[in-house]
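Encoded as C-alpha cells, the structure appears first; notes follow it.
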Amino acid sequence: MAAGLKTYIFYTYFILSLTACSVMASSSSSQAIKGGYWPSWDKNFPPSSIDTSFFTHIYYAFLIPNDVTSKFDIEYTTGLELVNFTSTLHAKKPPVKTLFSIGGGAEGPIFFGRMASSPSMRKNFIDSSIEVARKFGFDGIDLDWEFPQTSKDMENLAYLLDEWRLEVQKEAKTTNRPPLLLSAAVYFSANFFLSEPYRSYPATSISKNLDWINVMTYDYHGSWNTSATGAQAALFDSKTNISTSYGLGSWIKSGVPKSKLIMGLPLYGRTWTLKDPKSHGVGSPAIDVGPGDQGVLTFAEIEQFNRDHKAKVEYDLEGVSMYSVAGTTWIGYDDTLSVTVKIGYARALGIRGYFFWAVHGDYKWKISKRASQLWST
Ligand SMILES: *[C@@H]1O[C@H](CO)[C@@H](O)[C@H](O)[C@H]1NC(C)=O
Ligand SMILES: *[C@@H]1O[C@H](CO)[C@@H](O)[C@H](O)[C@H]1NC(C)=O
Ligand SMILES: *[C@@H]1O[C@H](CO)[C@@H](O)[C@H](O)[C@H]1NC(C)=O
C-alpha cells in the first residue's frame, strides 16, 4: 500500500513535469477541445449564462428522433430554443462552436440499435440530422448512444458512421460550406468488459469518420451499488480496471488517434449514506445513497452542502478524487485539485482535450476556468 502510494505520488510529479515539457513543445497541429454539454431542461440556466471564455464547443443536450421514422420532428417551440441556443453562443465573446447531441443516458439503447440495423432508417436519420443542423445553425452533430449492446450493434454503428461522414462531405460540397462536425459520446473503455456480451467499439470506423469522441470517463460507482462508497471518476484504481487511466489507455490501444480523444470530467458527484461515520474512506461500507436525486448532486450543490454542514473535505491521492464527509453523508466528486491532476495526466498522454457533463453544475466557473487555464498553451 505504502509503496503503491509512493509510486502514485512520484507518478503525479512525473506527469506534472512532463506536462510542463509538452506545453513548451506543443504545436498548433490541432486546436484543443474544451467542451461542455448544456442540459436544455434546466430552465434556470439559459445559454446566455455560459461563460464562453472557458469553452470551445457547447453541446445542446438532447434531441431524440421519432422512433418510427427515425427523422427529427422539431416542434415550433423547440425550434425557437435551438435557434436561440446557436445564435446566442455564436454571438458571445468569444464565440463557441455548437453541436446538438442525439440520445443521452435517459434515451437508452433500443431505438439506436433498431435504427442502425436498417439501411433505410439510417438514411432517414442521417439526412434528417444534417437538415436539423443546417436549419438551426449548428456547427455539428454528436451521437450519444448509451450503449451499443452487442457486437452486431457495433458493426451497425460502423456502417452508420461511414454513411454519415459520406453524407456530411457530400452536403458540404454541394452547399460550399465547411463540413459539419461529427462526434460521439462513448463508454469510458473501448471494450465493454464489465457486462455481457463482451464487445468492442469499431475503432477503425470511428477514427476514419468522427472528428473526435467524448470518452465518458465517469459513473464508475453510484446508486446501483449502495453497499460501499466509491469514487465515480477516479483517475487510478489499483484493484480494478474501472478508472480513467485504464479507459483512456484502452482507447489509445484500440487505435483511435490521440488527437481524437477527449476526456470526460463530471461537474457532479455521487452520494452515499455511511454505515458507520468512523469508517469514511473510498470503499467504506454504506447502507444507502445520500442526498440528491438517486444520490446525484452538482458540484455547485456539493460546495453548498459542504459549507452548510461544515463537511470534512479529503483528497484521495491514490485514486485522484475528492470526497467530503458530514455525519453519515459521504460525497465523491471532482474539484479543482483532482481536475488539475487529471488535466496534467491527459496532456502528458497527448490527447486532444476534455469535456464536462454538464456546464450548469459548476460553481462560479471554478473548475471550468482552472481546466481551461491549464490547457491553454
Ligand atoms: C434567447 O432567449 C432569451 C430568453 O428568452 C432572450 O432574452 C434572448 O434575447 C434570446 N436571444 C437570441 C439571440 O435569440
Ligand atoms: C459493490 O461495491 C463493493 C465495493 O466496491 C464491491 O465489493 C461489491 O462487489 C459491489 N457489489 C456489487 C453487487 O457489484
Ligand atoms: C485489466 O485489464 C488488463 C488487460 O487490459 C488485464 O490483463 C488485467 O488482468 C485487468 N486487471 C483487472 C484487475 O481486472
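Below, all heavy atoms of this structure are taken into account, side chains as well, without hydrogens, waters or symmetry copies. We count ligands from 1, going down the list as the structure has it; atoms in each ligand are counted the same way.
Just one of T336, D334, T340 meets the side-chain hydrogen bond (donor to acceptor under 3.5 Å, both in side chains) condition when paired with S338; it is D334. For the side chain to side chain contact (heavy atoms under 4.5 Å, CB included) with S205, the lone residue among L160, L157, L210, D162 that qualifies is D162.
Of the candidates T240, I242, N225, T226, N225 brings a heavy atom nearest to atom 10 (C) of ligand 2. Around atom 11 (N) of ligand 1, the closest heavy atom drawn from L89, N84, T86, L80 belongs to N84.
The protein non-hydrogen atom at the shortest distance from atom 4 (C) of ligand 2 is A228 CB, 3.7 Å. Residue, atom and distance of the protein heavy atom nearest to atom 13 (C) of ligand 3 are K239 O, 3.3 Å. Scanning the protein for heavy atoms near atom 5 (O) of ligand 2, the closest one is H221 CE1, 4.4 Å.
Protein heavy atoms are found less than 4.0 angstrom from atom 2 (O) of ligand 1. Within the 4.0 angstrom cut-off, atom 7 (O) of ligand 3 has no protein heavy-atom neighbours.
In this structure the side chain of Y218 never reaches within 4.5 angstrom of the side chain of L265, judged on heavy atoms.
Using a 4.0 angstrom heavy-atom cutoff, G283 does not count as in contact with ligand 2. Using a 4.0 angstrom heavy-atom cutoff, P46 does not count as in contact with ligand 1.
Those atoms of ligand 3 that come under 4.0 Å of a heavy atom in N241, given as number and element, are 1 (C), 2 (O), 3 (C), 8 (C), 10 (C), 11 (N), 12 (C), 14 (O).
By the criterion of a heavy-atom distance under 4.0 Å, neither the backbone nor the side chain of F193 is placed next to ligand 3.
D219 and Y268 form a side-chain donor-acceptor contact under 3.5 Å, judged by distance and modelled atom types alone.
Of the polar atoms of Y246, at least one N or O is found under 3.5 Å from an N or O of ligand 3, judged by distance alone.
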